[in-house]
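Reading through the structure tokens given below for one structure.
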Amino acid sequence: MSDIPDKVLCLARTLRSMFVPAVRDVTCQGMWHPGNMCCSGATLEVLAHSSVKAVKIYTALYLLPRLLEQKSILKGVKKTCPSVIRSSAFLTCNCVMVCALHCILRKVLGHYRACTVGFIPGLVGGIASIGIEKQSRREVLAIYMTSLALECLYEMAVFRGLIPPVRNGEVALFSLSSAILVYFHRHQPIKITDTMDWLLKKFLSCKKMRRKDEHRYMLTQVREFIVLHLEDFLVGVLDHRKTSRCEHELSCVSNIVNTGIHGMIWGTIIQMSFRLLSSAGSLRQVLRLFSKRTELVRISSFTGLYSSLVVGMECFLNRYYKYNPAHIPAIAGLFGGLSFELFPRPSGPVALYFFCRAVQCVYHKMIQDKVIKEVPYDTMLLYGLTLGITVHTGVCEPHLMRQSYTTFLNYLTDHKYEELHRPSIDRIMKNVPRFNE
């Protein structure tokens, strides 16, 4: 308890150091474009390179799923082109605005402060560029950047000794998020995001089916064999008949096993799809995908166990829980979230993303119930703020940045990010305090 005033003082000094003192003998040419003395020329280089990379990224992201849906390749390309062009323009504008504002602020102010190196360019550039993207994608991007910014703030706080590392904190955070998301998914008082609703349907689906049509629901003959024989084995061990509260047609045991195998299969498909999209254009990375068997097995095991635990707990509570049945999905989601221990490390970014999704659902529910008023331009402001925090962390404290995002920045800027003059940045950041020093 005696350390709390010191930690508060350290936090106040950290916030103050973002604005003072000013460093005048460091220029933008010496910091990020030493090979080109012209700021406009360096910005145009970033524009040319980032636009090409952005088109490659969004072509892989939009075109491949569209081609799987469309029978005609030409029709799929026509429907995808407008989205690729618009999203590529958004990402390119993001890069160019941050780089240009970095130089403009240095020229206008005549000096550097910690906040003008990364935070303010990211804040202004994010607000200006997010308007290019489609309305339906703005909130998704803001949620993703929020999870990344929260991760950066947490790493900053731990690095400065303001808070201790939380053991198994990602499991507790995911369990809480799972409870909220499963509750909204089952009751649907509001429409949660399409992607999250689709994901929960794949993992927690309880399709009504008859015994004679069961083979049509099975994805493979192996799955049908496991479900039927395991159910027969457990007939004498458990009272596996469904209750009046259960929505599934078959027995509870069959539903638990069936959903678990279904979740495991979809976990494998989604993981493989993400890997293939992230490695698009690189044959070496595609081949390396199949060498990471342990990670793939752990993710598939997690999704299968999570699905089984959630629906299993729902069946158990439907049988024995005599109070308000509206609480059952939340309790089941909380219990199922414990399976996140199987997720490969580092698992904090995934837990933070689901937490941000859960907060998003609560926020929209409170607006719907008129508990709070909707903040004007909330998505644009949130994206700008979180991008500012992320850019500041990446430029000023790169050791606290997620490695995958560092690789993404290098890819997008043609390795100009890793060529930043670190001694100049360290001079600007030397007055930022740490409690544990």
Side-chain angles (χ1 to χ4, degrees), residues 50 54 57-58 61-62 83-98 101 115 118-156 173-174 176-177 180-181 184-185 190-200 274 277-278 348-368 371-395 400-402 404-406 408-409 412:
S50 61
I57 291 171
Y58 282 107
L61 186 63
Y62 289 151
S83 298
V84 171
I85 294 173
R86 189 168 186 171
S87 295
S88 300
F90 151 73
L91 187 56
T92 303
C93 181
N94 235 328
C95 295
V96 173
M97 287 289 291
V98 171
L101 287 169
C115 63
F119 177 73
I120 294 180
L123 173 66
V124 179
I127 293 175
S129 59
I130 191 65
I132 300 175
E133 189 56 277
K134 290 191 298 185
Q135 184 73 33
S136 59
R137 279 190 50 80
R138 292 177 189 174
E139 194 168 21
V140 177
L141 291 166
I143 292 298
Y144 171 74
M145 290 306 303
T146 301
S147 65
L148 186 58
L150 288 176
E151 181 185 356
C152 294
L153 291 174
Y154 172 75
E155 295 293 341
M156 287 182 187
L173 190 63
F174 182 82
L176 176 62
S177 308
I180 297 172
L181 291 171
F184 282 117
H185 174 68
I190 61 170
K191 181 176 176 57
I192 64 177
T193 56
D194 294 337
T195 305
M196 190 58 60
D197 194 46
W198 177 86
L199 201 63
L200 291 173
F274 269 115
L277 285 173
S278 62
V350 178
L352 276 171
Y353 178 77
F354 277 87
F355 175 72
C356 291
R357 286 289 195 177
V359 172
Q360 177 192 17
C361 292
V362 175
Y363 172 69
H364 286 307
K365 175 61 177 175
M366 293 176 72
I367 292 175
Q368 185 183 33
V371 177
I372 60 174
K373 292 184 178 180
E374 185 175 5
V375 180
Y377 306 105
D378 50 355
T379 303
M380 299 178 68
L381 294 174
L382 180 63
Y383 180 81
L385 178 63
T386 52
L387 182 65
I389 294 172
T390 306
V391 172
H392 171 81
T393 306
V395 173
L400 303 178
M401 176 64 68
R402 189 192 307 173
S404 60
Y405 198 74
T406 301
F408 172 73
L409 291 178
L412 201 58

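Along the sequence shown, residues carry numbers from 1. Atoms considered below: every heavy atom in the structure, side chains included; atoms not considered: hydrogens, waters and symmetry mates.
Taking the salt bridge (Lys or Arg N to Asp or Glu O under 4.0 Å) definition, one finds that Arg137 meets it with Glu133, sequence neighbours left out. Every residue was checked against the ring-ring contact (aromatic ring centres under 6.0 Å, His included) condition with Tyr363, not counting sequence neighbours, and none meets it.
Phe354 contributes atom CZ, which lies 13.5 Å from atom CG of Leu176 (distance to the nearest 0.5 angstrom). For the atom pair CD (Glu151) and SG (Cys356), the distance works out to 10.5 Å, reported to the nearest 0.5 Å. Here the straight-line distance linking atom CD1 of Ile372 with atom CE of Met366 works out to 4.5 Å at 0.5 Å rounding. The CG atom of Leu409 sits 8.0 Å away from the SG atom of Cys95 when rounded to the nearest 0.5 Å. Rounding to the nearest 0.5 Å places OH of Tyr353 at 13.5 Å from CG of Leu150.
No donor-acceptor pair closer than 3.5 Å links the side chain of Ser88 to the backbone N or O of Ile85.
Nearest heavy-atom pair, Ala54 versus Leu412, reported as atom, atom and distance to 0.1 Å: N-CD1, 4.4 Å. Closest non-hydrogen pair, Ala142 versus Thr386, comes out as O-OG1, 4.5 Å. Closest of all the heavy-atom pairs between Gly122 and Leu387 is O-CD2, 3.4 Å. Minimum interatomic distance between Cys152 and Thr393 (heavy atoms only, all atoms of both residues): CB-OG1, 3.5 Å.
Inter-residue side-chain proximity for Pro121 and Val391 is flagged as unmet; no heavy-atom pair is nearer than 4.5 Å. Leu352 is listed as a side-chain neighbour of Leu173, based on a closest heavy-atom distance under 4.5 Å. Residues Arg357 and Thr146 have side chains not in contact (no heavy-atom distance under 4.5 Å, counting atoms from C-beta outward). Looking at Val375 and Leu382, their side chains never come closer than 4.5 Å, going by heavy atoms from C-beta outward. The shortest distance between side-chain heavy atoms of Met401 and Thr390 falls below 4.5 Å. Using a 4.5 Å heavy-atom cutoff, the side chains of Leu153 and Ile389 are in contact. A heavy-atom distance below 4.5 Å is found between the side chains of Ser83 and Lys134. Side-chain contact between Phe184 and Val362 is present, with at least one heavy-atom pair separated by less than 4.5 Å.
Using cut-offs of 30° and 60° for the angle between ring planes, the Phe90 and Tyr383 rings count as tilted.
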Per-pair distances, 0.1 Å, donor-acceptor, side chain in residues 123-131, under 3.5 Å, sequence neighbours excluded:
from, atom 1, to, atom 2, distance (Å)
Ser129, OG, Asn94, OD1, 3.2
Ser129, OG, Gly125, O, 2.8
Ser129, OG, Gly126, O, 3.4

